[in-house]
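To keep things clear, I will list the structure first and then write my remarks on it.
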Amino acid sequence: MIPADALSRILAAQPVLDSIKRDQAGPRAAFQHLLIGQAVTGQVKGQSKGLTLVSIEGQTVAMRLPRPVATGDTLKMNFAGHMPQPVFVLDTPETASADAPQLSQTARMLSEFMQRVPERTLPTLTPLAPLLEQPARAPAELALALRTAVVRSGLFYESHLANWAMGQDTLDGLMQEPQNRLTSSLARTDAAAALASTLAASAAPDARGPAELADARNPHPLNTLLAQQLQVLESPQFIWRGELWPGQVLEWQVRQEPDNSENPASLTAKESETGWESRLKLTLPNLGTVNVLIKLDAQQAFSIRLAPEQAEAGALLQQHQRRLIDQFATAGCALQSVTVQEDGNA
């Protein structure tokens, strides 16, 4: 059983910025030099609308704390990584007063979850139904469907909670995420299992209780989702695999390119930004299987490499390459290069 206060002590640090600046700058660069597990202190600067303003490493962020604090209080925390906002684990008075260094209850719980994850297995989102009922009529329609599938996947739920608390997300949107949908579903399932086991007890008593019966029949999906969230925290990458519309399968891998600098702390905020990489694999009616590599650098410029598995598809892609370039320009996106590679490996 997960302790009641364990997850409440995992704090997402939300930058105190307006909605326009929020996507362009944030506290990540200020905390880039911190190592996972490193102890830090924060000073409470004030409170607003249920959020606490905390100064950490000279950066003021907003947090939702699990206990009352007063302006001027000092908080002891441990850095836990990015999601993509910085995440900290708050020390309780009990852990802070311990004489010998030891893992907190939350750290032990997170460690147990990570040990259950198979090695070299990336977090994989697999929707139960196609995103669209029929082929998309426009790229924007498909883009919105994919964006919604990732945003409401539950991987970034805690950061969305922080956004909602600051008026930057909607309650209806949060209710679409698995953390809320699965909680309601599991509550109904547990109630049904408890009723069924009670009715059957007089005829064939079972040594297991109602809760054990419910767990045996329904592996807790929230545990799987939490393990995936921890994986993304540790290494920002995941796979989405499913149907765009009936019969059209897509495998889409997204990862953040690693920062290869030897001394990230010496970089400016702009220099320390990293790029993103997407790998797509899909089979199309006229092109066959195509592997696509898309890179987005820190200056928000794209580079695309198309690798069809069928040789004749390469000529067709090159023939229509100008159309792709024009569509990027129309969308206001900077495109550095587009190449077609015929060996089938992007």
Side-chain angles (χ1 to χ4, degrees), residues 23-24 84 120-127 129-151 153 155 232 235-261 270-271 273-346:
D23 292 332
Q24 299 175 349
R120 299 184 179 88
T121 299
L122 294 181
T124 301
L125 305 174
T126 307
L131 299 186
L132 302 171
E133 296 181 355
Q134 57 187 5
R137 293 184 295 271
E141 181 183 3
L142 180 56
L144 178 60
L146 281 170
R147 181 183 186 279
T148 302
V150 172
V151 169
S153 66
L155 281 182
V232 173
S235 178
Q237 56 182 324
F238 64 89
I239 294 175
W240 187 94
R241 185 184 292 121
E243 288 185 298
L244 300 177
W245 50 80
Q248 181 59 68
V249 177
L250 169 68
E251 181 174 308
W252 175 28
Q253 179 179 342
V254 180
R255 77 180 188 100
Q256 186 178 37
E257 292 188 324
D259 187 352
N260 296 322
S261 60
K270 189 66 177 178
E271 291 172 332
E273 292 177 358
T274 54
W276 290 86
E277 178 182 284
S278 285
R279 290 181 180 271
L280 298 87
K281 181 177 183 179
L282 64 167
T283 301
L284 302 171
N286 296 327
L287 298 175
T289 300
V290 179
N291 294 282
V292 184
L293 174 63
I294 304 174
K295 290 190 175 184
L296 177 65
D297 63 23
Q299 287 70 45
Q300 302 298 296
F302 289 90
S303 298
I304 301 176
R305 186 162 77 240
L306 305 168
E309 293 186 0
Q310 298 181 9
E312 58 272 19
L316 187 59
L317 287 171
Q318 290 178 339
Q319 180 181 348
H320 294 277
Q321 184 172 311
R322 171 51 57 183
R323 181 181 177 185
L324 176 62
I325 296 174
D326 292 342
Q327 287 181 332
F328 265 73
T330 301
C333 298
L335 184 59
Q336 285 188 333
S337 64
V338 178
T339 59
V340 178
Q341 181 176 318
E342 296 185 0
D343 61 4
N345 296 310

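Both backbone and side-chain heavy atoms feed into the values below; hydrogens, waters and symmetry mates do not.
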Determine whether [X] and [Y] make a side-chain contact, defined as any pair of heavy atoms from C-beta on separated by less than 4.5 Å.
X: Val254; Y: Val150; result: no
X: Ile304; Y: Val292; result: yes
X: Leu293; Y: Glu277; result: yes
X: Val338; Y: Phe328; result: no

Item to check | Test side-chain hydrogen bond (donor to acceptor under 3.5 Å, both in side chains) applied to Ser303 - qualifying residues, sequence neighbours left out | outcome: Gln336
Separation of [Y] [atom2] from [X] [atom1] (nearest 0.5 Å):
X: Lys281; Y: Ile239; atom1: NZ; atom2: CD1; value: 11.5 Å
X: Thr126; Y: Glu251; atom1: OG1; atom2: CD; value: 9.5 Å
X: Lys295; Y: Trp276; atom1: NZ; atom2: CH2; value: 14.5 Å
X: Arg322; Y: Gln327; atom1: CZ; atom2: CD; value: 12.0 Å
X: Gln134; Y: Leu244; atom1: CD; atom2: CG; value: 13.5 Å
X: Leu317; Y: Gln310; atom1: CG; atom2: CD; value: 10.5 Å

So which atom in [X] and which in [Y] form the shortest heavy-atom distance, rounded to 0.1 Å?
X: Trp240; Y: Pro127; answer: CZ2-CG, 3.4 Å
X: Pro285; Y: Gln248; answer: CD-OE1, 4.5 Å
X: Phe302; Y: Cys333; answer: CE1-CB, 4.0 Å
X: Leu316; Y: Asn286; answer: CD2-O, 4.4 Å
X: Glu141; Y: Arg137; answer: OE1-N, 3.0 Å
X: Ser278; Y: Trp252; answer: OG-NE1, 3.2 Å

Checklist entry - Stepwise, does the side-chain contact (heavy atoms from CB on, under 4.5 Å) test hold for Val290 with Leu280? => result CA-CA 8 Å; Val290 179; Leu280 298 87; over 6 Å; no
Checklist entry - Applying the side chain to side chain contact (heavy atoms under 4.5 Å, CB included) test to Pro308, which of Val340, Leu284, Thr289, Leu287 qualifies? => result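 Going through the options one by one, the only one that passes is Val340.
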